[in-house]
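Just below is one structure, and these are the notes that go with it.
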Amino acid sequence: MAASYDIQTYLLDRANVHDTVSRLTLYFDLESFEGLIKDVYAPQVVIDYTSLFGGQPLETTNKEWAESMKPMMKPFDSTQHIVTGLVIELPQPVKGVSRPDKCTVTAQVTAHMVRRAARGGPMMHNGGRYVLDLVRIPELEQKGENPWRVSKQVTVLAWEDGSPDVMTAVASIGH
């Protein structure tokens with residue numbers, strides 16, 4: 001039997017999706033790689049930074065992705081990612097509509113990276129949007145946890161300003 005999909009479930013799903021997306025950028029900045037594995041990414045994930053660095057989207061596990069981020073984040077003296085304007089695409093809970101197992105979120109994102117040793121200046125700022133696919137993992141929900149996890153992260157660059165040398169540590173994503 002399909003799970004009940006009422007207004008309370010809809011609102012809880014929206015809040016949980018919002019929290020997962022908010023944790024994504026917060027955990028980047030805190031370098032909480034365990035948090036990214038436990039609270040943000042689905043076990044299998046597609047990471048797409050091709051608009052920033054070219055290459056191909058990366059299909060990997062949440063653990064492999066988090067591990068690969070450690071050396072990429074180390075050269076930065078600090079980072080601040082800000083995500084806002086989340087458009088969470090979940091169907092309205094009306095008669096005949098089942099509770100979804102997945103959803104898409106489009107959100108505005110800006111990032112500020114500092115690497116004092118970079119040639120040409122210590123700062124790089126960029127902005128654009130995330131297009132995120134999330135899946136609901138029933139096993140997490142049964143344990144009373146937020147069940148929504150990112151299964152695909154596409155970063156779409158709209159603008160950038162600052163020293164490109166700041167980004168050399170992460171430019172290998174997708175290559």
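A quick note: this is a predicted structure, and the numbers were derived from the prediction, not measured.
- Under the 3.5 Å distance criterion, the side-chain polar atoms of S163 are matched with a main-chain donor or acceptor of R119.
- No more than 12 heavy atoms of other residues, nucleotides or ligands sit less than 6.0 Å from atom CZ of R129.
- Linking Ile, Leu, Val, Met, Phe, Trp and Tyr whenever their side-chain heavy atoms come within less than 4.5 Å puts M69 and V40 in one cluster.
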Next on the checklist: Working note: Y10 + D13, criterion side-chain contact (heavy atoms from CB on, under 4.5 Å); need CA distance, chi angles, decisive distance, verdict.
Outcome noted: CA-CA 5 Å; Y10 166 79; D13 279 344; 5.8 Å; no

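- Cluster partners of I37: none. The rule joins Ile, Leu, Val, Met, Phe, Trp and Tyr whenever side-chain heavy atoms lie under 4.5 Å apart, and it links nothing here.
- L157 and M123 fall into different hydrophobic clusters, where Ile, Leu, Val, Met, Phe, Trp and Tyr residues are linked whenever their side-chain heavy atoms come under 4.5 Å apart, directly or through other members.
- Interatomic distance, CG of N62 versus CD of Q44, reported as 8.0 Å (0.5 Å rounding).
- Listed for the R136 side chain is a donor-acceptor partner under 3.5 Å among the backbone atoms of P100.
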Checklist entry - Please walk me through it: do S151 and D133 pass side chain to side chain donor-acceptor pair (under 3.5 Å)? => result CA-CA 6 Å; S151 61; D133 291 342; 5.1 Å; no

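- Hydrophobic cluster membership is shared by I47 and F53, with clusters built from Ile, Leu, Val, Met, Phe, Trp and Tyr side chains linked at under 4.5 angstrom.
- Contact check on E141 versus R99 returns a salt bridge, with a Lys/Arg side-chain nitrogen under 4.0 Å from an Asp/Glu carboxylate oxygen.
- Rounding to the nearest 0.5 Å gives a distance of 10.5 Å between CD of E145 and CG of N16.
- Annotation: salt bridge (Lys or Arg N to Asp or Glu O under 4.0 Å) contacts involving residues 36-61, sequence neighbours excluded, are absent.
- For residues 109-158, the set of pairs meeting the ring-ring contact (aromatic ring centres under 6.0 Å, His included) definition, not counting sequence neighbours, comprises H112-H125.
- Between P93 and Y5, some side-chain heavy-atom pair lies under the 4.5 Å cut-off.
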Checklist entry - Under the side-chain contact (heavy atoms from CB on, under 4.5 Å) criterion, do V156 and V154 qualify, and how do the steps go? => result CA-CA 6 Å; V156 180; V154 179; 4.0 Å; yes

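- Hydrophobic clustering (ILVMFWY, side-chain heavy atoms < 4.5 Å, transitive): L134 and V46 are in distinct clusters.
- Here the straight-line distance linking atom CG of L132 with atom OG1 of T106 works out to 7.5 Å at 0.5 Å rounding.
- Annotation for E67 and P71: closest pair O-CD, 3.4 Å, computed over non-hydrogen atoms.
- Between the side chains of E34 and Y27, no donor N or O sits under 3.5 Å from an acceptor N or O.
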Item to check | Trace of the side-chain contact (heavy atoms from CB on, under 4.5 Å) decision for V45 with T61 | outcome: CA-CA 6 Å; V45 65; T61 68; over 6 Å; no

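- Each of K152, K63, Q153, R149 was compared with Y41 under the side chain to side chain contact (heavy atoms under 4.5 Å, CB included) criterion, and only Q153 meets it.
- L12 and V105 fall into different hydrophobic clusters, defined by Ile, Leu, Val, Met, Phe, Trp and Tyr side-chain heavy atoms under 4.5 Å apart, directly or through other members.
- Here the closest heavy-atom approach between residue N126 and residue E160 is recorded as CB-CB, 3.8 Å.
- A donor-acceptor pair is defined here as one N or O able to donate and one able to accept, closer than 3.5 Å; such a pair exists between the side chain of S51 and the backbone of T155.
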Residues 73-90 side chain polar contacts: donor-acceptor under 3.5 Å, at least two apart:
{"from": "D77", "atom 1": "OD2", "to": "R116", "atom 2": "N", "distance (Å)": "2.6"}
{"from": "T79", "atom 1": "OG1", "to": "D29", "atom 2": "OD1", "distance (Å)": "2.7"}
{"from": "H81", "atom 1": "ND1", "to": "D29", "atom 2": "OD1", "distance (Å)": "2.7"}

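- Taking S22 as the reference, H18 meet the side-chain contact (heavy atoms from CB on, under 4.5 Å) condition, with sequence neighbours excluded.
- Listed here is the closest heavy atom pair of T168 and R115: OG1-NH2, 3.3 Å.
- Side chains of T20 and N146: a donor on one and an acceptor on the other come within 3.5 Å.
- Members clustered with I137: V135, L140, by chain and number, using a 4.5 Å side-chain heavy-atom cutoff among hydrophobic residues.
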Checklist entry - How far apart are the C-alpha atoms of M72 and S68, what are their side-chain angles, what is the distance that settles it, and do they pass the side-chain contact (heavy atoms from CB on, under 4.5 Å) test? => result CA-CA 7 Å; M72 286 188 275; S68 74; 3.7 Å; yes

